[in-house]
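All ligand and atom numbering here is 1-based and tracks the order in the structure. Along the sequence shown, residues are numbered consecutively beginning with 1.
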Amino acid sequence: MEIHVITPEQLHRQRLIDVASCVYPYVNAIHIRQKSWSSQEMKRFTHQLLEQGIPASKLVLNGHPLLALDMQLGGIHLPEQVQLAESASEHECTRIRSSLRVGRSVHSMDSGKRAEQEGCDYVFFGHVYATSSKPGIPPRGLVAVKELCNTLHIPVIAIGGIQPQHVRELHAMGVAGIAVMSGIFEAEQPERQLERYQKELTKAEATKIQIGSDPE
Ligand SMILES: Cc1nc(C(=O)O)sc1CCOP(=O)(O)O
């Protein structure tokens, strides 16, 4: 299972750098999701992360597809309603899709199917659990996660309110990974907290192997 971490908007820039620098070896992707930042700010911040030794392949920009292409990052992530073609020409879209991992946030079965049809490499689906990051919107729950996982042929990554104790049940629903924001960036000891997530991922995956293996 993959682990993605996502930068929260409200934290101090140095805190984002510190946390990203200590967790990057153990995660599949770090999403830079600073919606209020200009391309220049995104670029500067991305350079700062690269200077910390974080590989470009692990960095994903939320939006800013041309910048991600230019900096040869690992991927871009699109909000549910944003089309790649809004900020890139047809030729650039083709280059982006062939060289970057392109993900999209979805919140329903229909938009999950659309993301698959348009050629997205994976979707984030959420928010699965109640989270202060999405105030006032009811969580979508595990049944919806399972339905989406059973329907799509691309990886479904669960997001929203995910704590280490949720990992096993999410795995049982068929998710390909988890995406976590406050659970890591707001933890007192982010590295220790990441270990807890990983321990649960390892346990969940081991359970699957036991169930799937043939008896002697
Ligand atoms: C950024 C984001 N997108 C969501 C979605 O449902 O698409 S939920 C979410 C917040 C995730 O933060 P936390 O791990 O702190 O709950």
Name the residue from N28, L201, I157, T202 that meets the side chain to side chain contact (heavy atoms under 4.5 Å, CB included) definition with M1. L201
With backbone taken as N, CA, C and O and side chain as the heavy atoms from C-beta onward, which portion of S182 lies under 4.0 Å from ligand 1: side chain, backbone, both, or neither? both
Report yes or no: does E186 have a heavy atom closer than 4.0 Å to ligand 1? no
Does the side chain of M181 come within less than 4.5 Å of E9's, by heavy atoms? no
Among I159, I6, N62, closest by heavy atom to atom 11 (C) of ligand 1 is I159
With heavy atoms of G160 as the reference, note each atom of ligand 1 found under 4.0 Å away. 8 (S), 16 (O)
Counting the benzene-type ring for Trp, do Y122 and H4 have ring centres under 6.0 Å apart? yes
Using side chain to side chain contact (heavy atoms under 4.5 Å, CB included) as the criterion, point out the one residue from L61, L50, I17 that pairs with F45. I17
Is there side-chain contact between R15 and P190, with heavy atoms separated by less than 4.5 Å? yes
Using the six-membered ring of W37, assess whether NZ or CZ of R44 lies under 6.0 Å from its centre and within 45 degrees of the ring axis. no
Rounded to the nearest 0.5 Å, what's the gap from CG on N150 to CE on M173? Could you check? 9.5 Å
Report yes if some N/O of V180 lies less than 3.5 Å from some N/O of ligand 1; otherwise report no. no
Test log, rule salt bridge (Lys or Arg N to Asp or Glu O under 4.0 Å), inputs K203 and E200: CA-CA 5 Å; K203 269 200 262 175; E200 293 300 327; 3.3 Å; yes
So is there a nitrogen or oxygen of M181 less than 3.5 Å from a nitrogen or oxygen in ligand 1? yes
Mark up the atoms of ligand 1 that fall under 4.0 Å of a heavy atom belonging to G126, in ascending order. 6 (O)
Select one of side chain, backbone, both or neither to describe which atoms of R33 lie under 4.0 Å from any atom of ligand 1, heavy atoms only. side chain
For the 3.5 Å polar cut-off, considering only N or O atoms, please tell me whether R140 and ligand 1 meet it. no
Which of parallel (below 30°), tilted (30 to 60°) and perpendicular (above 60°) describes H31 and H77? perpendicular
Need the ligand 1 atom indices (1-based, order shown) with element for anything under 4.0 Å from a heavy-atom of H127. 6 (O), 8 (S)
Would you check whether H107 has a nitrogen or oxygen atom less than 3.5 angstrom from a nitrogen or oxygen atom of ligand 1? yes
Closer than 4.0 Å to some heavy atom of T131 - which atoms of ligand 1 meet that? 13 (P), 15 (O), 16 (O)
May I ask you to identify the nearest protein heavy atom to atom 4 (C) of ligand 1, giving residue, atom name and distance to one decimal place in Å? K134 CE, 3.4 Å
Please state which protein non-hydrogen atom is closest to atom 10 (C) of ligand 1 and give its distance, to 0.1 Å? S133 CB, 3.5 Å
